[in-house]
Amino acid sequence: MNSQGVTPQSEDYARWYNDVVLKADLAEYAPTPGCMIIKPYGYELWEGIQDALNRRFKETGHRNAYFPLLIPMSFIQKEADHVEGFAPQLAVVTHGGGKELEEPLVIRPTSETIIGHSFAQWIHSYQDLPLLINQWANVVRWEMRPRLFLRTREFLWQEGHTAHATEAEAIEETMRILDIYADVAANEAAIPVVKGRKSNQEKFAGAEASYSIEGMMGNKWALQSGTSHHLGQNFAKAFEIKYLSKENKLEYCWTTSWGVSTRMVGAIIMAHGDDKGLRLPPRLAPIQVVIVAIFKNESEKETVLAAVHRLRDLLAAAGVRVHVDAREGMTPGFKFNDWEMRGVPLRMEVGPRDLAQGTVLLSRRDLPGKEGKEPVPVDGLVPVVERRLAEIQAGLLERATQLRDANLHEARSLAELGEIVADGWALVSHCGTAECEAKIQEESKASSRCFPLDLNEEWYPKGKTCAICGKPAQGLAYFARAY
RNA sequence: CGGAGAGUAGCGCAGCUGGUUAGCGCGCAGCGUUCGGGACGCUGAGGUCGCCGGUUCGAAUCCGGCCUCUCCGACCA
């Protein structure tokens, strides 16, 4: 990373990503190994995601609650697959108050167990169902290879946990949440994700079925950006989550869990960013409009700043997130680059020249050079700004959708799959077995992303076989390089 | 945890076949000139040379161990 600009994507995509995170001031490395410090600008972006999700969760009847960070070791061990899946990643507290603990405490890698314990106490009757709980929390997983926002040992997320009377209701909930995730991705983050079912190998430890949203990043790699799990009665049985039915019969509940993490910030960076830095979707951008005040001397400064503050108040009153850059001692050109790095969707240049004409100069982050610039009369500015923000939001989604659709290709053999995943996603008729999946990964470095829901009307379609091994196909699956 | 690379000022780096007081560029502070696409001059602040140990009259420099970061694998939101 040089002092100005970032490593070009074409030169080294991974470096580009790191450069952008650091130079756009989203986060930095922490002194704690594998951990990151989320800086205010990055955290504000996360808050935007939180708001978008929270609103939808509450609209669908979920309530927020909070459970302990520390979980008794014995809890983790109650669900067999769950232990097996998470044991290697656990951070364990063995001492407290200067003494060795009777029972080690696990720092939660996820909270199915401790929440399941509470659910067992909270639920007695069918009238207590469905129970729809979400928590905003940090979790710890001892990852081997951390990457800013994409995989850190501690990360922030929301984890929803619900209990239902019937399997059908639990599945409905799992899908409802998957739809919410896809909606937030597309309509807030401007990332057109693929909704699909995870293979048996990729599913959550302890789930009956896992579903995910998969986004395509700028380098055509896939990023799992949210997951929704149908847990069947696995955790209900492990934690005795039972209810009395109308018929006075004691039944196990059906539960779900689902999560979106700060990884979504990484998705936004990689789905939209370019060689000038971040490009933020207006709906999530902490700053939607930055006003760069341009002046040469004291008298110009006075008139320009007065006008700038008036414009700021006007936009703020209309609900636009606006920031004034009146820093002195740096040239406008420097500031332009600076705000472009930070991905602010709209820049407004206001100087003596504009004021004389009764206009301001709007510049769009998503359109390069002159194409994205237009003088706009101060009268009637607000509706134009609102329209441009909406256009940028739509434009980013449109561009990301084109990128995705142009890079989805059907593969009829392992060789074809290998060629496709070098620069795209391969759709393949697939058996879904561990052996076949491992073989594909070995040959192509691509992993099974999901069986897309919209392309799999039925599972195990008659007569269809796996394009790789010839066994009966479970359905059509996407394979791609992934983070 | 396997393979590769790297840790010297906030960032990017030089110095490394041992030898005064550890440099350069950017950034930072002050002053002045600038200001519509990454300005310039002067002055200045800023360092346990990743950590521990060893060799030596003397270690950023040589040796050993450890830690951390980046990239590629295995693992994952």
Side-chain angles (χ1 to χ4, degrees), chain A residues 1-7 12-15 17-19 22-23 28-36 85-89 109-110 137-159 181 198 201-205 210 212-215 223-229 257-267 276-277 292-297 300-301 304 326-341 347-357 360-361 363 368-370 372-373 375 438 441-442 445 447 481-483:
Chain A
M1 178 167 60
N2 56 24
S3 59
Q4 291 174 352
V6 293
T7 306
D12 186 336
Y13 197 81
R15 277 190 71 133
Y17 175 81
N18 280 324
D19 287 356
L22 299 172
K23 298 209 73 172
E28 62 188 28
Y29 293 104
T32 317
C35 296
M36 69 190 283
F86 279 103
Q89 289 191 287
T110 178
N138 56 340
V139 289
V140 168
R141 300 178 185 180
W142 217 256
E143 301 293 351
M144 288 298 111
R145 199 176 148 209
R147 308 201 55 187
L148 295 166
F149 284 112
L150 302 176
R151 200 185 310 104
T152 45
R153 288 195 179 155
E154 177 184 6
F155 59 92
L156 305 182
W157 74 347
Q158 57 71 212
E159 49 178 323
Y181 286 167
K198 288 304 220 182
Q201 291 65 243
E202 298 269 342
K203 80 179 182 194
F204 177 75
S210 287
S212 72
I213 53 169
E214 302 281 333
L223 183 70
Q224 179 174 309
S225 308
T227 47
S228 186
H229 312 292
S257 70
W258 26 276
V260 157
S261 73
T262 38
R263 175 182 274 185
M264 183 66 93
V265 173
K276 290 178 149 193
V292 176
I294 299 168
F295 48 83
K296 295 195 211 306
N297 52 49
E300 279 186 3
K301 177 181 168 184
V304 167
R327 288 177 292 179
E328 294 185 48
M330 47 187 81
T331 61
F334 180 91
K335 294 182 182 181
F336 298 164
N337 285 288
D338 192 37
W339 291 111
E340 280 162 4
M341 178 67 67
R347 180 177 74 236
M348 187 183 297
E349 301 172 28
V350 181
R353 220 146 75 196
D354 308 284
L355 294 180
Q357 296 166 8
V360 298
L361 190 66
S363 182
K370 278 194 177 148
K373 293 194 178 189
Q441 184 142 13
E442 205 170 306
K445 296 184 188 171
S447 59
R481 298 292 302 268
Y483 286 99

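Residue numbering restarts at 1 for every chain, and letters A, B, ... go by the order of the sequence lines.
- Comparing B:rA77, B:rG36, B:rC75 against the side chain of A:Arg141 picks out B:rA77 as the nearest.
- Following rounding to the nearest Å, A:Lys198 (NZ) and B:rA77 (P) show an atom-to-atom distance of 8 Å.
- In this structure B:rU56 sits in no base pair that meets the Watson-Crick or G-U test at under 3.5 Å.
- Between the C1' atom of B:rG36 and the CD atom of A:Glu349 lies a distance of 6 Å, rounded to the nearest Å.
- A donor-acceptor contact under 3.5 Å is formed by the side chain of A:Glu340 with the base of B:rG37.
- Using cut-offs of 30° and 60° for the angle between ring planes, the A:Phe204 and A:His229 rings count as parallel.
- The aromatic ring of A:Phe336 does not sit over the base of B:rG38, since the test of centres under 5.5 Å and planes under 30° is not met.
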Atom pairs under 3.5 Å: protein N/O with N/O of nucleotides 39-49 of chain B:
from   : atom 1 : to       : atom 2 : distance (Å)
B:rA39 : OP1    : A:Thr331 : OG1    : 3.4
B:rA39 : OP2    : A:Thr331 : OG1    : 2.5

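- Remark: P of B:rA77 and CZ of A:Phe86 are 6 Å apart, rounded to the nearest angstrom.
- Candidate nucleotides B:rC1, B:rC69, B:rG37 were compared by shortest atom distance to the side chain of A:Lys276, and B:rG37 ranks first.
- Checked by distance alone, A:Asp338 brings no side-chain donor or acceptor within 3.5 Å of a matching partner on the base of B:rG38.
- For A:Arg481, whose side chain is taken as the heavy atoms from C-beta onward, the closest listed nucleotide among B:rG36, B:rG73, B:rC71 is B:rG73.
- No hydrogens or angles were tested; on distance alone, nothing pairs the side chain of A:Lys373 with the base of B:rG36 as donor and acceptor under 3.5 Å.
- Both distances falling under 3.5 Å, in either a Watson-Crick or a G-U wobble arrangement, place B:rC31 opposite B:rG41.
- Residue order along RNA chain B, read from the 5' end via each residue's closest nucleotide, puts A:Ala14 first among A:Leu150 and A:Ala14.
- Which of B:rC71, B:rC1, B:rA77 sits closest to the side chain of A:Arg147 comes down to B:rC71.
- A donor N or O paired with an acceptor N or O is found under 3.5 Å between the base of B:rC76 and the side-chain atoms of A:Arg263.
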